[in-house]
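All values derive from a computational prediction rather than experimental measurement. The figures here come from the full heavy-atom set of this structure, side chains too, leaving out hydrogens, waters and symmetry mates. A note on names: the letters A, B, ... follow the listed sequences, proteins ahead of strands, and every chain is numbered from 1.
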Number of protein chains: 2
Amino acid sequence: MDSADELGRRDRKKLETRTALERAALTLVAERGLAGVTVEDIAEAVDVSSRTFFNYFPSKEDALIGPGPASAAELCERLEELPADVPVLEALRLMSRVEAEHVQQQREQWLLRLKVFEQNPSLLPRLVTSGTETERAITAAVARRAGIELGTSGYPELATAAAMAAFRVAMIRWSAAGGRPELADLVDEAFAQLAAGLPNP
Amino acid sequence: MDSADELGRRDRKKLETRTALERAALTLVAERGLAGVTVEDIAEAVDVSSRTFFNYFPSKEDALIGPGPASAAELCERLEELPADVPVLEALRLMSRVEAEHVQQQREQWLLRLKVFEQNPSLLPRLVTSGTETERAITAAVARRAGIELGTSGYPELATAAAMAAFRVAMIRWSAAGGRPELADLVDEAFAQLAAGLPNP
DNA sequence: GTAAAACTTTCAGGATCTGCAATATTTCAG
DNA sequence: CTGAAATATTGCAGATCCTGAAAGTTTTAC
């Protein structure tokens, strides 16, 4: 994929400051804890004003959380482009594997991020969580794929939420194991348990 | 159950102010939106200082979220007291039904709360969410029941997260339907889909 | 080269949230 | 009933969070 090319100088600089702010936020909070770092600290580390920080992120926490909605559209595309005869849960698994590869590509950053989440539990509710724009988008795509009106059966909402839970558990296990196993394998494991109806192991 | 008895005057008053603060927060935010209500507004409505508000809740949002960890212990008891041969997912379903009854018993308050959540999506990530003390406790109970070391297989984490997702979806459907259906039925539906492995409908 | 568009900064200010010390209330023992 | 001990409430100072508006700076595009 194209990632850093095809951008004017302006957008390149914007992307740079954004990632610099994210990186600074992560490393500082990893060192001193969420409460031990102020927005001004983060901004100074990147040599911008704290007002500029808030031009990029609506809150200190948001600088730690990562892409989120940015990739929502891309995720949905993955769902859409799968053949219609692929079952919903299988489609969600494949989508999650793609996302897992993205995570693996930024291995160190994600491991650091997950460590920060573990050390600051108040962040956990926002890990791969419900109620986001991302979830809404995926739910809509699932509904389309299953041929269901949104808000009638609850199936798209549940399938999506369960898939996100599977992905979240895989991420946490991955982090707990020091990033040693393949994240994609852990994702597969979780989806296999889901598809089997979560029988007693 | 005993709920309001067996408390000294002091604790009774504390409980009163707490519930009064919750109620005021909910009604005010339902009227004016999250951003349109300050902590001082809420405190004044109950005739206490805003400092006192923060003695009860760590943040404005927390006054809206409801019991949460309060009932964690009780939920786990429900899990523990079920016979050991009840499968995990079935046990989680039964536990969720108990919780559903609690919600039904405070029907109006919960419908209002859910409306507030819908109207202020930034609250949604904290609805029945992961990363809480409650989830940790349930996960531990599930692990005990399944005879699994925590953090080895990921099964307890996933089963718990999926159950919470099922409950959350049921709540949202219940709210969207104006509280008309039986919440317990929606919970059963969601768990049935989970137990079946989320097949295409 | 210049004008428009977009980004950063400064500044003012309201709101959130936390210690701390003072005050008021409740409890409980005598 | 009364006086201490325990506990809750309050006011206050202060750090931090976050936002709008206006001014200044850089980038873009013609």
(request) Indicate yes or no: does B:Arg93 engage B:Glu90 in a salt bridge with an N to O separation below 4.0 Å. (result) yes

(message) Just N and O in the side chain of A:Lys14: are any of them under 4.0 Å from OP1 or OP2 of C:dC7?
(response) yes

(request) Verify, without hydrogens or angle tests, whether B:Asn120 (side chain) and B:Phe117 (backbone) share a donor-acceptor contact under 3.5 angstrom. (result) no

(request) Answer yes or no: is there a side-chain heavy-atom contact under 4.5 Å between B:Leu198 and B:Leu194? (result) yes

(request) Measure the shortest side-chain to side-chain distance between A:Leu64 and A:Arg113 over non-hydrogen atoms and say whether it is less than 4.5 angstrom. (result) no

(request) Would you classify B:Ser59 as touching base, sugar-phosphate or nothing, given that sugar-phosphate means primed atoms plus P, OP1 and OP2, and contacts are heavy atoms under 4.0 Å? (result) sugar-phosphate

(request) Calculate the interatomic distance between A:Glu16 atom CD and C:dT8 atom C1'; express it in whole Å. (result) 16 Å

(request) Would you mind telling me which of C:dT9, C:dG19, C:dT16 lies closest to the side-chain atoms of A:Val48? (result) C:dT9

(request) Please find the earliest and latest nucleotides of DNA chain D, in the 5' to 3' direction, that have an atom within less than 4.0 Å of any heavy atom of chain B. (result) D:dA6 to D:dC12

(message) Would you say that A:Glu22 contacts A:Phe57 through its side chain, given a criterion of any heavy-atom pair below 4.5 Å between the two side chains?
(response) yes

(request) Looking only at side-chain atoms of A:Thr17, point me to the closest of C:dC7, C:dT8, C:dT10. (result) C:dT8

(message) Would you say A:Thr52 places a side-chain N or O within less than 4.0 Å of OP1 or OP2 belonging to C:dT9?
(response) yes

(message) One thing to verify: whether A:Lys115 and A:Glu118 come together as a salt bridge, which I'm taking to mean a side-chain N less than 4.0 angstrom from a carboxylate O.
(response) no

(request) Using atom CD of B:Glu61 as one end and atom C1' of C:dA15 as the other, report the distance to the nearest whole Å. (result) 12 Å

(message) Using OP1 and OP2 only, check whether a side-chain N or O of A:Tyr56 sits under 4.0 Å from C:dT8.
(response) yes

(request) Return the value, rounded to whole Å, for the distance between atom CZ of B:Phe54 and atom P of C:dC20. (result) 18 Å

(request) Give one of base, sugar-phosphate or nothing for A:Phe53, where a contact means two heavy atoms less than 4.0 Å apart. (result) nothing

(message) Counting C-beta onward and ignoring hydrogens, is there a side-chain heavy-atom pair between B:Ser122 and B:Glu61 closer than 4.5 Å?
(response) no

(message) Without decimals, in angstroms, what is the distance between A:Lys13 NZ and C:dA6 C1'?
(response) 13 Å

(request) Measure the distance from CZ on B:Arg51 to P on C:dG19 and round it to the nearest whole Å. (result) 8 Å

(message) Taking any heavy-atom pair under 4.0 Å as a contact, classify B:Phe57: base, sugar-phosphate, or nothing.
(response) nothing

(request) Write down the distance between CD (B:Glu40) and C1' (C:dT16), rounded to a whole number of angstrom. (result) 12 Å

